[in-house]
Amino acid sequence: MQEYSFDEVLEKRKTGSAKWDGLEQLFGSDQLIPMWVADMDVRPADSITKALTKRAASGHFGYSLFEDEAKSAIQQWFLKRYDQPVDPSTILYSSGVVPALAHSVLALTEEQDEIIIQTPVYPPFHHVVQANNRKLIENPLRLVDGRYEIDFLLLEQQMKTARMIILCNPHNPTGRVFSRSELEQIITLAKRHDVYVLSDEIHADLIFSGSTHHPILAFDYEQVVLVSAPSKTFNIPGLYASYLIVPNAETRVKIEQVQQAHFVHPNAFAATAIVAAYTDPDSERWLQELLLYLEANRDHAVHRIQSEMPRLTVIAPEATFLLWIDCHALPFDAPERANWLVDQAGLALTHGQPFGENALAFERLNFGCPRSQLDEALNRLRVAYDKLVFTD
């Protein structure tokens, strides 16, 4: 019997929500259904809300430490969820996954060092490389029979001169969960060529049936850094309760020095949220039911698009709450498609262009929402699609 209601429609307008209240500024209209940025329109677990409320009622909002209790919670979560031991002394706080990536890049590479990313990929990956005067090397994932695969022949050549590879696993936006074999091959190449492996695993807990997540820590290589957070899993991204796990002491010191130079300090609610998310049994029960709901949403959206809008090709994700849609068969280019989605479909989606050159024909749709909202978005898309005239 379902204990939590993910069908509840939440009123998020006028709450300072970037997803909802940023529509006018970002898309030119506040009358759209926002299916873009990767936060969900579901209520977080009561266990987290209650813990934060209790912390707020304490009235203690001074400068905060990254408490040992939070590090222990992360340790417990990795052991229970992935059978992966973690030494609490290897855990560092970060005010977000993207800052953690940027600080790792600054700490472990020099200007003009080559850094590999696997496109199409989360746009900040591009930014943290280029904005810090590193050389961006794209290792494009190959779309084979509806599934993205790694081009290992190209990757081996690129590793010879690279200093770092930034992984996204599970992968955003494609939803791939890389296999143990694929990760072993990456680690083998990294070892051979002395390359750092920086792994963003923020979607690791949002895995659907048939797939298994393998943390980068599970492989025998010291030059790895894992970056994660409970933010996507438990829908608390605005708390910036993120962390790095850095097994190598020398590497950890380098990252800490960069963090200190950029004045990284935990906010007063970060540790509270991590402890409640990772240790309260109610949080885990909430997550178990959320995963069932999200997987049903995924299947529902894929079926509707395939049956009602057959010229669109859907990449069904193995993880995340993000649907990657190939729109190359539509009769316009990327800028025209963006306008069409707003003006004709009334939707705010994440456009493919910032994810890489191999993403220009794609749109990303967030299905982490009540089924009724998902259906309304798909209804709007279908109505706009049905008005199109195809010449072939």
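- Checking side-chain atoms of Asn169 against main-chain N and O of Glu201 turns up no donor-acceptor pair under 3.5 Å.
- Under a 3.5 Å cut-off, the side chain of His193 and the backbone N or O of Thr161 do not form any donor-acceptor pair.
- Both Val128 and Ile117 belong to a common hydrophobic cluster when Ile, Leu, Val, Met, Phe, Trp and Tyr are linked at side-chain heavy-atom distances under 4.5 angstrom.
- Atom CE of Met309 is separated from atom CD1 of Ile325 by 8.0 Å, given to the nearest 0.5 angstrom.
- A salt bridge is defined here as a Lys NZ or Arg NE, NH1 or NH2 lying under 4.0 Å from an Asp or Glu carboxylate O, and Lys19 with Asp41 meets this definition.
- Of the inter-residue distances, the one linking Ile150 atom CD1 with His171 atom NE2 reads 8.5 Å to the nearest 0.5 angstrom.
- The cationic atom of Arg311 (NZ for Lys, CZ for Arg) lies less than 6.0 Å from the six-membered ring centre of Phe390 and within 45° of the ring axis.
- Residues Asp375 and His300 have side chains in contact (heavy-atom distance under 4.5 Å, counting atoms from C-beta outward).
- Here CD1 of Ile48 is found 13.0 Å from CZ of Arg43. Values are rounded to the nearest 0.5 Å.
- For the atom pair CD1 (Ile115) and CD (Gln130), the distance works out to 10.5 Å, reported to the nearest 0.5 Å.
- Side-chain atoms of Arg380 come within 3.5 Å of backbone atoms of Gly346 as a donor-acceptor pair (strictly under, hydrogens ignored).
- Ion pairing between Glu110 and Arg163 fails under the 4.0 Å rule for side-chain N and carboxylate O.
- Side-chain atoms of Glu114 do not come within 3.5 Å of backbone N or O of Ile116 as any donor-acceptor pair.
- If you chain together hydrophobic residues whose side chains sit under 4.5 Å apart, Leu10 and Trp36 never meet in one group.
- The aromatic rings of Phe61 and Phe269 are tilted relative to each other, their planes meeting at an angle between 30° and 60°.
- In terms of modelled atom types and a separation under 3.5 Å, the side chain of Glu318 and the main chain of Val177 share a donor-acceptor contact.
- You'll find the ring centres of Phe6 and Trp286 inside the 6.0 Å limit.
- Here the CG-CG distance, from Leu341 to Leu32, works out to 9.5 Å after rounding to the nearest 0.5 Å.
- Neither Phe234 nor Val37 shares a network with the other; the hydrophobic side chains, linked directly or stepwise wherever heavy atoms of I, L, V, M, F, W or Y lie under 4.5 Å apart, form separate groups for each.
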task: Any chance you could lay out the side-chain hydrogen bond (donor to acceptor under 3.5 Å, both in side chains) test for Thr188 and Glu184, step after step, and finish with the verdict?
output: CA-CA 6 Å; Thr188 296; Glu184 284 174 344; over 6 Å; no

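- Here the shortest heavy-atom pairing between Ile274 and Ala70 reads CG2-O, 3.9 Å.
- Hydrophobic clustering, with ILVMFWY side chains joined whenever heavy atoms are under 4.5 angstrom apart, keeps Leu167 apart from Leu101.
- Leu239 and Phe66 fall within a single hydrophobic cluster, where Ile, Leu, Val, Met, Phe, Trp and Tyr side chains are chained together by heavy-atom contacts under 4.5 Å.
- Interatomic distance, Met159 CE to Ile186 CD1, rounded to the nearest 0.5 Å: 6.5 Å.
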